[in-house]
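The structure under discussion appears below in the form of structure tokens.
In what follows, every heavy atom counts, from backbone to side chain, and hydrogens, waters and symmetry copies are set aside. Each ligand, and each atom within it, is numbered from 1 in the order the structure gives.
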Amino acid sequence: MDFHEALNWRYATKKMNGEQVPQEKVDKILNAIRLAPTSMGAQPFSVFLITDQEIKQQILPIASNQTQVKDSSHLLIFAAWETMTDDQIQEYVDQTAEERELDKSELDPMKKGLKNLASKSKDEFFSWSARQAYIAFGFGLAAAAVEKVDATPMEGFDNEALDKLLGLREQGMRSVTMMPLGYRDEENDWLAPMKKVRRPSEKLFIKNEVPELT
Ligand SMILES: Cc1cc2nc3c(=O)[nH]c(=O)nc-3n(C[C@H](O)[C@H](O)[C@H](O)COP(=O)(O)O)c2cc1C
């Protein structure tokens, strides 16, 4: 299945069948998330992997009882950071210098840029870091489709309650999205037979349109 067939195959699965996704497929999906581009390469988010059925049951009511939470094989929770500490910035600079065999001083502009971001308020930083998390989230969804693993993009949950359950605020993070991975229960999923609905290309893509110069 090529990439475009995979994108047509995938859909926001509403009912999963509880089957386990093989670890090698999960690893490929996680690697796509890890390889996603982010601003300055900072990857200012963490992804929690939940496989424990009891924890999923606790998350279920927080996610309006959307059953994919409990019927998934792996539940991924994307949490964006509220800031980057000096230690986190230094760790990133050191790793980059080592892996690219650079002098650390060559990375001063990058370090300055990150420190500047980190000096912003928690809300401002989170607004930036959440956008980075969404890029990785998209990569994960696409990778799952290529692996023929169903994945539901989910924002329909109580962020504050989930942050509380997972102790995210104490760790300087806030939940952004969830991605249950599993397999569709084709017979019982009302959405499975439905056609994909998308805006027509002519409306979505605007070609060479600029206002007249006066
Ligand atoms: C960021 C985001 C949040 C979403 N939240 C939910 C959700 O909480 N529950 C759900 O069943 N679907 C959710 N969806 C699925 C969308 O409704 C779905 O992707 C859209 O209608 C397009 O359909 P398709 O993904 O099946 O192609 C979400 C999608 C995105 C991208």
Side-chain angles (χ1 to χ4, degrees), residues 1-19 21 25 29-30 32-33 36-39 43-50 55-81 123 126-166 168 173-205:
M1 191 157 63
D2 80 6
F3 188 56
H4 291 275
E5 284 167 347
L7 294 184
N8 275 308
W9 172 84
R10 68 148 296 282
Y11 74 108
T13 310
K14 304 295 178 210
K15 183 92 184 83
M16 291 185 170
N17 64 12
E19 236 180 81
V21 178
K25 285 184 181 280
I29 297 164
L30 298 183
I33 290 168
T38 53
S39 175
Q43 299 179 286
F45 54 85
S46 301
V47 183
F48 291 77
L49 306 182
I50 312 287
I55 304 176
K56 287 188 208 159
Q57 285 294 348
Q58 285 178 277
I59 296 174
L60 187 62
I62 291 173
S64 308
N65 294 312
Q66 298 188 72
T67 58
Q68 310 94 316
V69 167
K70 70 171 177 61
D71 296 332
S72 63
S73 157
H74 294 66
L75 179 65
L76 273 49
I77 295 171
F78 286 67
W81 297 353
D123 283 347
F126 173 74
S127 146
W128 171 75
S129 63
R131 278 181 266 136
Q132 313 314 312
Y134 273 98
I135 298 169
F137 184 66
F139 269 50
L141 289 171
V146 170
E147 294 302 318
K148 267 207 145 187
V149 171
D150 283 300
T152 318
M154 285 176 62
E155 266 181 339
F157 59 91
D158 179 342
N159 300 68
E160 257 181 60
L162 187 63
D163 294 356
K164 207 167 170 190
L165 179 75
L166 299 177
L168 296 184
M173 303 178 200
R174 301 183 202 172
S175 57
V176 181
T177 50
M178 281 184 195
M179 189 193 299
L181 297 174
Y183 292 103
R184 61 189 70 173
D185 177 352
E186 200 134 19
E187 274 176 25
N188 295 304
D189 189 343
W190 62 268
L191 193 55
M194 299 270 176
K195 196 176 175 299
K196 233 178 224 320
V197 180
R198 291 294 189 269
R199 287 167 62 206
S201 298
E202 318 81 77
K203 294 207 169 159
L204 185 61
F205 304 111

Identity and separation of the nearest protein heavy atom to atom 1 (C) of ligand 1: Glu155 CD, 3.5 Å
For residues 55-62, which side-chain donor-acceptor pairs fall under 3.5 Å, sequence neighbours excluded?
residue	atom	partner	partner atom	Å
Lys56	NZ	Gln53	OE1	3.0
Lys56	NZ	Ser72	O	2.7
Lys56	NZ	Ser73	O	3.4

Ligand 1 to Gln66 polar contact by distance, N or O atoms, under 3.5 Å: yes
State, yes or no, whether a side-chain contact exists between Lys196 and Arg10 at a heavy-atom distance under 4.5 Å. yes
Taking the side chain as C-beta and beyond, is there a heavy-atom pair between Leu76 and Leu30 under 4.5 Å? yes
Got Phe157 and Gln66 here, is their nearest side-chain heavy-atom distance under 4.5 Å? no
In the protein, which heavy atom is nearest to atom 12 (N) of ligand 1, and how far is it? Lys14 NZ, 3.2 Å
Return the closest protein heavy atom for atom 27 (O) of ligand 1 as residue, atom name and distance. Lys196 NZ, 2.5 Å
Need the ligand 1 atom indices (1-based, order shown) with element for anything under 4.0 Å from a heavy-atom of Tyr11. 26 (O)
Below 4.0 Å from ligand 1: does a non-hydrogen atom of Gln68 turn up there or not? yes
Name the closest protein heavy atom to atom 25 (O) of ligand 1, giving the residue it belongs to and the distance to 0.1 Å. Arg10 NH2, 2.7 Å
Checking contacts now, so for atom 20 (C) of ligand 1, which I'm interested in, is there any protein heavy atom under 4.0 Å? no
With side chains defined as the heavy atoms from C-beta onward, is the minimum distance between Trp9 and Val146 less than 4.5 Å? no
Regarding ligand 1, does Arg198 bring an N or O atom to under 3.5 Å of one of the ligand's N or O atoms? yes
Could you tell me whether Arg174 and Asp123 make a salt bridge, using a distance below 4.0 angstrom between a side-chain N and a carboxylate O? yes
Which residue supplies the protein heavy atom nearest to atom 14 (N) of ligand 1, what is that atom called, and how far is it? Pro153 O, 3.1 Å
Residue pair Leu49 / His74, side-chain heavy-atom distance below 4.5 Å: no
Does any N or O of ligand 1 fall below 3.5 Å from an N or O anywhere on Thr152, backbone included? no
Please classify the Lys195 to ligand 1 contact at 4.0 Å (heavy-atom distances, strictly less than): side chain, backbone, both or neither. neither
Short N or O distance, Phe137 and ligand 1, threshold 3.5 Å exclusive: no
Compare all side-chain heavy atoms of Phe48 with those of Leu75 and state whether any distance is below 4.5 angstrom. no
Contacts of Lys70 meeting salt bridge (Lys or Arg N to Asp or Glu O under 4.0 Å) (sequence neighbours excluded), chain-then-number -> none
Starting from atom 8 (O) of ligand 1, find the nearest protein heavy-atom neighbour and note its residue, name and distance. Gly156 N, 2.8 Å
Considering non-hydrogen atoms only, spot the tightest contact between Met1 and Lys148 and give its length. CE-CG, 3.3 Å
What residue and heavy atom of the protein are closest to atom 26 (O) of ligand 1, and at what distance? Ala12 N, 2.8 Å
Within the structure, does at least one protein heavy atom fall under 4.0 Å of atom 17 (O) of ligand 1? no
